[in-house]
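Structure first, then comments.
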Amino acid sequence: MKAIVTVMLKPGVLDPQGRAIGHALETLGFDGIGDVRAGKIIELELAETDAGKAKAAAEAMADKLLANTVIESYRVEVV
Amino acid sequence: MKAIVTVMLKPGVLDPQGRAIGHALETLGFDGIGDVRAGKIIELELAETDAGKAKAAAEAMADKLLANTVIESYRVEVV
Amino acid sequence: MSLRAGIVLFPGTNRERDMAIALAKVSGGREPVMIWHKETSLPPLDLIVLPGGFSHGDYLRCGAMAAQSPVMRAVRDFAEAGGHVLGVCNGFQILTEAGMLPGALLRNAGLRFLGQDHSMRVEQTDSIYTSGYAQGQIIRVVLAHGDGNYFADTATLDRLEGEGQVAFRYASPSGEVSDATNPNGSQRGIAGIISANRRVLGLMPHPEDYVDPLMGGEDGLPMFAGIVQGLAA
Amino acid sequence: MSARPVSEKLAREFGLNAEEWGRVQTIMGRMPSFTELGIFSVMWSEHCSYKSSRIWLKELPTKAEWVVHGPGENAGVVDIGDGLTAIFKMESHNHPSFIEPYQGAATGVGGILRDVFTMGARPIANLNALRFGRPENPRTKRVVDGVVRGIGGYGNCVGVPTVGGEVNFHAAYDGNPLVNAMTVGIAPKDRIFLSAAAGIGNQVVYVGSKTGRDGIHGATMASAEFDANSEEKRPTVQVGDPFTEKLLIEACLELMGTDAIVAIQDMGAAGLTSSSVEMAGKGGVGIQLDLDSVPQRETGMSAYEMMLSESQERMLIVLRPGAEEIARAIFEKWDLDFAVIGHITDTGRIVVRHKGVTEADIPLGPLADEAPLYRRPIQWPVPLPVLDNATITCTMPTDQALLQLVASPDLCSRAWIASQYDPAVGGQTVKKPGQADAAIVKIEGSNRALAITTDCTPRYCQADPKMGGMQAVAEAWRNITATGARPLAITDNMNFGNPEKPEIMGQFAAAIQGMAEACIALDFPVVSGNVSLYNETEGKGILPTPAIGGLGVIEDAHVARGIAIEPHQDLVLIGETAGWLGQSLFLREIMGREEGAPPPVNLVAERRNGDFVRHQIAKGCVHACHDVSDGGLLVALAEMALAGNCGLALDELNTAHATHAFLFGEDQSRYVIAAKDASGLLEEARTAGIPACLLGRTGGNELTFPGGSSVSLADLKEAHERFFKTWMS
Ligand SMILES: Nc1ncnc2c1ncn2[C@@H]1O[C@H](COP(=O)(O)OP(=O)(O)O)[C@@H](O)[C@H]1O
Ligand SMILES: [Mg+2]
């Protein structure tokens with residue numbers, strides 16, 4: 001199965017990268033741009049064939065390594 | 001509306017980060033891990049209320065700035 | 001007295017020589033031992049240093065993978081038993097990722113690597129790392145990082161301030177601390193913090209690169225001299 | 001890519017011309033296979049074969065008592081005393097950096113590092129010589145940003161300090177930026193590793209990263225002009241992995257501490273093909289490769305793809321019998337791939353086997369020796385006529401002209417760039433960017449230090465390629481001298497347009513001649529280098545740019561001088577001032593004219609003045625020293641003032657030349673010296689017949705000029721730092 005882990009900065013954490021992207025988009029002439037947040041995505045091929053177990057495994061990986069829960073939150077999707 | 005732009009390295013392009021993450025997960029004792037790819041996700045709040053138009057705008061942004069189409073591909077989702 | 005110092009080498013560590021030179025300079029030429037990240041036990045040591053570099057390429061998050069190294073369990077045990085641990089730059093990031101110091105280091109606010117000199121103010125002097133300085137002293141150090149933007153939630157920051165755990169703050173050469181003197185967006189201009197027991201220090205700048213006037217300065221020397229003095233006492 | 005029928009048409013597509021295609025068939029005595037044709041095409045590309053440049057490169061002097069290995073190895077090697085050598089080279093990554101600035105520049109740094117550590121050296125310094133298009137061109141900003149990030153991203157991560165370089169902007173580089181990266185390493189003189197394979201039956205080992213389909217035909221791309229369709233060539237972009245490179249450096253150096261290695265070679269352009277062909281060819285042996293064993297990142301790769309892949313961070317090693325286990329253990333410790341992929345044979349051929357099929361079987365001698373070599377038609381350049389200074393009347397006050405000059409893109413502060421690089425890692429950097437005319441990097445555990453610089457003034461080379469080539473070498477020598485170090489040798493990076501055009505070949509040949517004259521006169525031989533041709537987009541070529549990387553040594557790093565002045569010192573000008581305005585930045589930036597012959601270099605005066613300056617520094621008579629180059633005397637003085645955060649006051653001029661010509665002319669072979677008391681130095685200069693004059697004194701917070709006008713240090717600093725701050729904000 002494939003697990004997709006999306007890691008974003010928590011709402012209270014300033015996201016300079018997101019801000020810079022928003023600013024650059026405006027400079028390029030795009031308008032109507034509100035908040036921009038930048039995050040990471042990690043796609044994992046897993047040998048596991050049970051969706052529930054794959055999700056649990058990916059969550060364990062996120063807790064342990066893929067996200068730093070002091071500053072980040074994550075969500076896992078299994079496809 | 002909110003547009004979510006996911007940017008990944010094109011298939012075949014070396015992904016040193018993904019490789020290192022996969023390796024680290026194995027060292028941590030997770031098994032059954034195949035290919036790991038790391039990418040970026042950019043969440044944009046857009047004033048646009050038409051889903052089609054929002055998607056087109058986000059795609060334009062990705063082409064122009066958010067993705068480096070020489071080595072990256074992207075997909076846009078509107079929510 | 002000769003200091004028994006150990007420097008941990010992670011794959012991608014690159015400032016171990018700088019650190020070894022600084023430590024040897026204050027310990028009569030005695031070279032620190034180098035400890036490979038796959039080690040699970042440590043020789044008898046007075047000080048463990050996690051040096052600068054790009055452990056595991058800084059991929060995913062700086063210090064994240066190194067914090068999970070086998071050796072880090074031993075380092076944590078060493079600290080819990082009251083041992084002294086110094087983390088510089090990548091070492092600081094590893095200490096926060098390992099939960100041995102609070103907070104996290106985010107991408108520099110300017111989104112660029114900073115390779116330049118900067119001033120920092122010594123905020124407390126009751127540790128072996130800072131006792132060689134005067135309270136409020138301004139020292140010049142080398143910055144070399146892309147992710148040195150210190151973040152912690154307000155409660156944590158207040159606690160750090162209250163407990164005197166903010167060791168260094170970015171400042172102007174004349175000692176002011178403001179947004180203008182903050183190179184990387186760190187909360188409250190924090191450049192380094194110390195554990196409540198004053199034994200674990202993490203800081204982003206590189207005092208080890210200024211221990212010789214030939215290389216441009218020796219403002220880092222009192223830190224290393226203080227370490228030797230403190231551990232000899 | 002799957003195999004296609006081999007034909008003359010395919011050969012053309014692969015960049016071979018009709019005659020070369022004929023030669024391939026003669027050598028093979030049959031129709032080559034698809035893989036064989038691929039091997040010929042990359043080996044015979046301009047990039048790998050030097051077919052247009054080789055006959056001219058032979059004119060460069062390459063020998064001196066201190067040269068251990070000149071051109072022909074992965075990098076040049078010079079003896080620096082104490083049983084040590086400096087190993088260095090410069091290499092271009094121009095085309096990749098235009099297509100993908102970050103990765104192009106990053107992999108350029110990675111490539112040149114490998115050329116140096118493959119010889120057994122620990123890299124101790126990186127430099128980069130960069131040329132970009134006009135800042136007004138919207139594309140330039142993106143290229144500058146990406147290139148600078150890429151160089152920093154790679155160099156900072158591998159832990160090699162980036163200590164110097166140069167940057168120019170000119171419209172001629174709009175479609176062809178130049179990224180030339182230089183690495184310097186240190187190795188014991190008795191532990192230098194070469195690439196010539198030996199020992200029939202010895203194992204051929206592959207280490208580093210896995211092979212993917214990256215950069216196939218990169219070498220041929222680097223040998224072709226850009227056109228409107230070059231976007232389609234994009235998939236050849238490679239991604240660098242500095243982390244793996246760092247591990248590779250450590251693992252290779254660890255293996256080099258054993259006696260396991262017979263020969264070692266990095267896989268650079270044309271990857272497995274060029275490394276295996278060169279190793280076996282140089283050793284006069286044969287080589288058999290079994291591609292099934294090559295570590296692969298992707299599935300279903302063909303022999304052709306594996307042979308041509310330019311995946312980064314890979315090396316090829318010939319091991320001594322019985323050394324496999326030692327070597328394997330080291331690479332496994334560093335988590336790197338390690339695979340025995342072949343062995344050395346006595347056949348004089350390269351044989352490539354894949355999935356039970358012989359995909360290539362080519363005689364090595366002819367592949368290398370019968371590689372095409374061209375004496376291309378030449379149209380010798382006609383140097384531009386000397387500019388008559390009488391046609392230049394400047395009404396702009398001195399202070400204003402200076403402020404405008406120091407704010408111009410070619411003269412402004414490079415701190416914005418340099419501060420994205422780590423100049424200090426390693427703890428041996430004595431003089432960082434901007435502090436001295438050459439970077440000074442000490443050798444750990446010794447007082448000895450290297451002085452390193454890169455130099456070229458392309459506008460001079462355009463106006464008079466021969467004089468420009470000479471000037472580039474002389475300026476490198478001068479920059480090393482100004483620190484007090486003894487210049488030893490150079491590496492060069494010849495960046496030119498399409499060599500099939502006689503006028504471009506003329507520029508190339510003339511530049512070589514000028515360089516050769518300077519190298520001989522200054523005892524400053526060429527020990528390594530690189531040629532990058534076809535730097536053209538839609539027929540428009542770059543300025544001829546023979547970038548020079550110079551290296552010198554100083555016995556005691558404490559003696560090395562920087563450019564920063566302090567108060568209460570005399571300022572002395574060494575060298576003859578004729579007020580040469582042709583091709584000066586004053587002429588371009590203030591008068592809006594790009595005209596005239598460049599300032600001539602008198603190599604006798606160059607050597608005499610430089611030897612005098614170095615001697616004065618060695619005697620301890622010099623506090624600070626700066627050569628006079630771009631922008632002329634007043635710009636040199638302004639740079640000294642900024643570096644020391646100290647003002648200065650100039651005396652009234654005692655000259656027949658117009659003030660602006662004296663202050664902004666770019667006459668060569670000159671230095672400004674700051675000394676506590678210059679009377680002794682002036683006296684010695686007089687006795688030695690060295691032109692020298694007292695210019696004024698240091699001190700205060702402003703620069704005061706002849707005639708009484710002045711500029712505050714603060715205004716000068718603001719002007720100097722303005723360009724990048726505004727442009728990149
Ligand atoms: N312009 C030059 N001047 C002197 N030597 C050169 C020049 N160009 C190339 N060389 C030498 O030719 C050899 C092959 O260079 P190159 O193809 O760049 O090496 P690599 O295969 O490592 O990329 C090297 O020894 C190099 O130093
Ligand atoms: Mg090479």
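Residue numbers start from 1 in every chain, and the chains themselves are labelled A, B, ... in the order their sequence lines are given, proteins ahead of strands.
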Quick check: closest heavy atoms across [X] and [Y], and the distance to 0.1 Å?
X        : Y        : value
A:Leu65  : C:Arg61  : O-NH2, 2.9 Å
A:Ile71  : C:Phe151 : CG2-CD2, 3.4 Å
A:Pro16  : C:Ala109 : CB-O, 3.7 Å
C:Leu106 : A:Val13  : CD1-CG1, 3.5 Å

Measuring heavy-atom distances to chain A, does C:Leu60 have an atom under 4.5 Å in its side chain, in its backbone, in both, or in neither?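 Interface part for C:Leu60: both.
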Pick one of side chain, backbone, both or neither for A:Leu14, based on which atoms fall under 4.5 Å of a heavy atom in chain C. backbone
Given heavy-atom pairs under 4.5 angstrom as the criterion, report whether the side chain, backbone, both or neither of A:Lys10 touches chain C.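 For A:Lys10, there is no contact with chain C at all, as no heavy atom is under 4.5 Å.
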Could I get the full list of ring-ring contact (aromatic ring centres under 6.0 Å, His included) partners for C:Tyr170, not counting sequence neighbours? C:His118
State whether the number of non-hydrogen atoms from other residues, nucleotides or ligands found under 6.0 Å of C:Lys38 atom NZ is greater than 12.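 Yes, enclosed.
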Is it true that atom CZ of A:Arg19 has more than 12 heavy atoms of other residues, nucleotides or ligands lying nearer than 6.0 Å?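 12 or below, so no.
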Is the backbone of A:Asp15 close enough, under 3.5 Å, to the side chain of C:Arg107 for a donor and an acceptor to pair up by distance? no
